[in-house]
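None of the values given here were measured: they were computed from a predicted structure.
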2 protein chains.
Amino acid sequence: METPRELFQIMTRRLGLLNKDCCSVGGCNLSATQSHLLYEIDRSHNPSMQQVAETLGTDITTFSRQVQSLVKMNLVNKTPDPTDRRIYNLSLTPEGKMVATTIDHQMNAYLNEAFSHMSEFEVETLLRSIKLFNEAMGKSSNCCAPVKG
Amino acid sequence: METPRELFQIMTRRLGLLNKDCCSVGGCNLSATQSHLLYEIDRSHNPSMQQVAETLGTDITTFSRQVQSLVKMNLVNKTPDPTDRRIYNLSLTPEGKMVATTIDHQMNAYLNEAFSHMSEFEVETLLRSIKLFNEAMGKSSNCCAPVKG
DNA sequence: CGTTAATACTTGCAATCTGCAAGTTTATTG
DNA sequence: CAATAAACTTGCAGATTGCAAGTATTAACG
């Protein structure tokens, strides 16, 4: 029987490759990091830079530059917060939204392809299990905890 | 209900952070990539560089340099294949083996901590599901397929 | 055989990514 | 009205990445 770590290691390696492959949308060629960034902005409501950086576990200075390049690519808006001018709120441009959606579709398509090798029941069980696992990690006091989600 | 992609995105993000945090062993401060590399060498039997690079989905030139640094850190042995002198076989030094084992323990400890927020049955179901999912991805014809596991 | 092609791996760039230290601007605290 | 803190930016300097081009060895073919 494999250890939990083995199972997760292999799964994350594969999902990592998947993630890399799913980042090319039309002309845009995003890195996996940038894709995560878009994803996170998309699902939050006008988050501040600090917030997103913390969620993703990246240094704020690195994050600052990543945002700059996404703004330059016209995928992300960086608007000053009206109530606190230290803060910048992030949102997706229409183009960014489209890219994020496309990536989402691609990822889901790939996943569904993999799911086609499993029974419907197995897929349901898998998804329910992962949901529980995510919640469990959220409750954990360890490194993976600060990431809300 | 979350899409599969959402569930996997959050899980992999957390596991990524976990992976980062688990790479410091004593004096050694490995990157997540290097940790994966050690893991893969550990579980294969004297693999060639080509083999491991392909499994991990990294460019062979990048991989070559990564191996160089791990050799320099005295964690990996690079021995010429006796039957084909183009090939180098990789193995872990005793020190590398120790580091790999320590990382493994740390990861499993973290995972078990998370599991403590789930019932025994839920954990079993999760692990069995992931195992099935890994097999399904192995059968898939997509990007995540070439990675044997 | 001997030449050509293929394989395994290495090095030269050049671009990107990363994080610490140090800075700017704005808000809060005493 | 200082002094402190918070949010973000820039200056390095080091690490990572991949393509192009190289070396060395083996396989393939005429």
Answer with yes or no after comparing the ring centroid distance for Tyr110(A) and Phe8(B) against a 6.0 Å cut-off, counting only values under it.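 Not close enough - the centres of the two rings lie 6.0 Å or further apart.
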Taken in chain and number order and not counting sequence neighbours, the residues that satisfy ring pair (Phe, Tyr, Trp, His ring centres under 6.0 Å) with Tyr88(B) are none
Run Glu113(A) and Ser140(B) through side chain to side chain donor-acceptor pair (under 3.5 Å) and show every step you take. CA-CA 7 Å; Glu113(A) 209 279 341; Ser140(B) 166; 2.7 Å; yes
* Test log, rule side chain to side chain donor-acceptor pair (under 3.5 Å), inputs Glu135(B) and His117(A) -> CA-CA 9 Å; Glu135(B) 286 163 11; His117(A) 300 281; over 6 Å; no
Starting at atom [atom1] of [X], determine the distance to atom [atom2] of [N], rounded to an integer number of angstrom.
| X | N | atom1 | atom2 | answer |
| --- | --- | --- | --- | --- |
| Lys72(B) | dT16(D) | NZ | P | 12 Å |
| Leu70(A) | dC8(D) | CG | P | 16 Å |
| Gln68(A) | dA7(D) | CD | C1' | 14 Å |
| Met49(A) | dA6(D) | CE | P | 17 Å |
| Asn89(A) | dC8(D) | CG | C1' | 13 Å |
| Leu30(B) | dA15(D) | CG | P | 14 Å |
| Asp59(A) | dC8(D) | CG | C1' | 12 Å |

Next item on the list: Check every strand shown and say whether Thr33(B) touches a base, only sugar-phosphate, or nothing at a heavy-atom separation below 4.0 Å.
Entry: sugar-phosphate
Worksheet item: Base, sugar-phosphate alone, or nothing: which one does Phe63(A) contact when heavy atoms must sit under 4.0 Å apart?
Response: nothing
Ile87(A) has its side chain closest, among dC8(D), dT16(D), dG18(D), to dC8(D)
Nearest-nucleotide check on DNA chain D, Pro82(B) vs Arg65(A); residue mapping nearer the 5' end is Arg65(A)
Heavy-atom side-chain proximity of [X] to [Y] below 4.5 angstrom:
| X | Y | result |
| --- | --- | --- |
| Ile87(A) | Met49(A) | no |
| Leu38(A) | Val76(A) | yes |
| Ile10(B) | Ile130(A) | no |

Does a donor on one side chain sit under 3.5 Å from an acceptor on the other, for Asn46(B) and Ser91(B)? no
At a 4.0 Å cut-off to heavy atoms of chain B, the contacted part of DNA chain C spans dA6(C) to dC13(C)
Side-chain N or O of Ser64(A) less than 4.0 angstrom from OP1 or OP2 on dC8(D)?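 Answer is no, no contact under 4.0 Å.
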For this session: Please figure out whether Gln66(A) or Gln50(B) has its closest DNA chain C nucleotide nearer the 5' end.
Result: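 Residue closer to the 5' terminus by nearest nucleotide: Gln50(B).
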Please confirm whether any donor atom in the side chain of Ser48(A) sits under 3.5 Å from an acceptor in the base of dC8(D), or the reverse.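 A donor-acceptor contact between them is absent.
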Closest heavy-atom pair, Ile41(B) versus Leu92(B), reported as atoms and distance to 0.1 Å, is CG2-CD2, 3.8 Å
What nitrogen or oxygen pairs link the protein and nucleotides 1-5 of chain D at under 3.5 Å?
none

